[in-house]
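Only one structure is covered here, and it is reproduced in the block below.
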Amino acid sequence: MPLRDLKSIITLEVLLAVYRKPGAFVREIIDASGITGDSVIDAIGYLIKKGLIREEREKSFPRRRYLFPTEKGKKIGELLAKIDEILGE
């Protein structure tokens with residue numbers, strides 16, 4: 001998958017947030033990223049479709065989705081975290 005397939009910086013920010021907080025639910029990712037809810041929801045759908053994150057629904061409250069990076073998502077998330085660290089220096 002070429003980098004251009006990741007569409008936007010928002011997609012990368014959401015992937016990084018899921019990498020940093022595996023098992024977070026969608027609201028936590030929205031709050032952590034500082035990006036509007038609709039944009040985060042779109043990015044989550046795209047990342048799931050691309051196989052970079054996966055979701056699990058809470059049994060007692062199925063609307064709550066917990067997000068986890070896949071193995072490929074973890075590899076990319078690790079690289080994004082390093083880039084973020086370098087840029088923050």
Side-chain angles (χ1 to χ4, degrees):
M1 167 178 27
L3 183 59
R4 69 180 167 273
D5 281 358
L6 291 176
K7 292 174 66 170
S8 72
I9 192 68
I10 291 171
T11 306
L12 297 174
E13 287 281 348
V14 171
L15 179 56
L16 182 58
V18 173
Y19 169 77
R20 286 183 168 156
K21 193 167 184 174
F25 54 92
V26 175
R27 171 51 55 197
E28 291 175 305
I29 298 301
I30 292 169
D31 293 343
S33 68
I35 301 167
T36 64
D38 288 342
S39 295
V40 170
I41 297 297
D42 290 346
I44 288 169
Y46 184 79
L47 290 166
I48 290 170
K49 182 176 142 186
K50 289 294 183 181
L52 298 174
I53 64 173
R54 64 181 177 81
E55 69 179 3
E56 292 180 12
R57 293 191 182 264
E58 188 175 285
K59 292 187 190 316
S60 61
F61 188 63
R63 291 189 62 197
R64 179 169 285 169
R65 301 184 293 163
Y66 295 93
L67 304 170
F68 300 88
T70 62
E71 287 306 311
K72 188 189 296 188
K74 288 177 188 175
K75 291 176 185 176
I76 295 171
E78 183 177 350
L79 294 171
L80 290 172
K82 288 179 183 178
I83 292 168
D84 195 45
E85 180 183 329
I86 292 168
L87 292 173
E89 291 178 351

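As the structure is a computational prediction, the values presented were derived from the model and not from experiment. Because only heavy atoms are used, hydrogens play no part in the values below, and waters and symmetry mates are left out as well, while side chains stay in.
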Residues 77-85, side-chain donor-acceptor partners within the protein, below 3.5 Å, at least two apart:
{"residue": "Asp84", "atom": "OD2", "partner": "Arg20", "partner atom": "NH1", "Å": "3.2"}
{"residue": "Asp84", "atom": "OD2", "partner": "Arg20", "partner atom": "NH2", "Å": "2.8"}

Open item on the list: Within this structure, what is the CD1-CG distance for the pair Ile29 and Leu67, rounded to the nearest 0.5 Å?
Closed with: 6.0 Å
Task: Joint cluster assignment, Ile76 & Ile86, ILVMFWY side-chain distance < 4.5 Å - done: no
- [ ] Using the test side-chain hydrogen bond (donor to acceptor under 3.5 Å, both in side chains), find all partners of Arg64 that sit at least two apart in sequence or belong to another chain.
- [x] none
Open item on the list: To the nearest 0.5 Å, what is the distance between CD1 on Ile10 and CD1 on Ile44?
Closed with: 12.0 Å
Open item on the list: With rounding to the nearest 0.5 angstrom, report the NZ to OG1 distance, Lys75 to Thr70.
Closed with: 9.5 Å
- [ ] Identify the heavy atoms of Gly51 and Lys72 that sit nearest to each other, and give their distance.
- [x] O-CB, 4.5 Å
Task: Path from Leu52 to Ile41 over hydrophobic side-chain contacts below 4.5 Å - done: yes
Open item on the list: Minimum heavy-atom separation for Gly37 and Ile30, please, with both atom names.
Closed with: CA-CD1, 3.7 Å
Open item on the list: Please give me the minimum heavy-atom distance between Ala43 and Val14, naming the atom from each residue.
Closed with: CB-CG2, 3.8 Å
Open item on the list: Can you tell me how far apart OH (Tyr66) and CD (Glu56) are? Round to the nearest 0.5 Å.
Closed with: 10.0 Å
Task: Ile35-Ile48 co-clustered via ILVMFWY side chain contacts under 4.5 Å - done: yes
- [ ] To the nearest 0.5 angstrom, please state how far the CD1 atom of Ile53 sits from the OG1 atom of Thr11.
- [x] 10.0 Å
Task: CD-CZ distance between Glu55 and Phe25, expressed to the nearest 0.5 angstrom - done: 14.5 Å
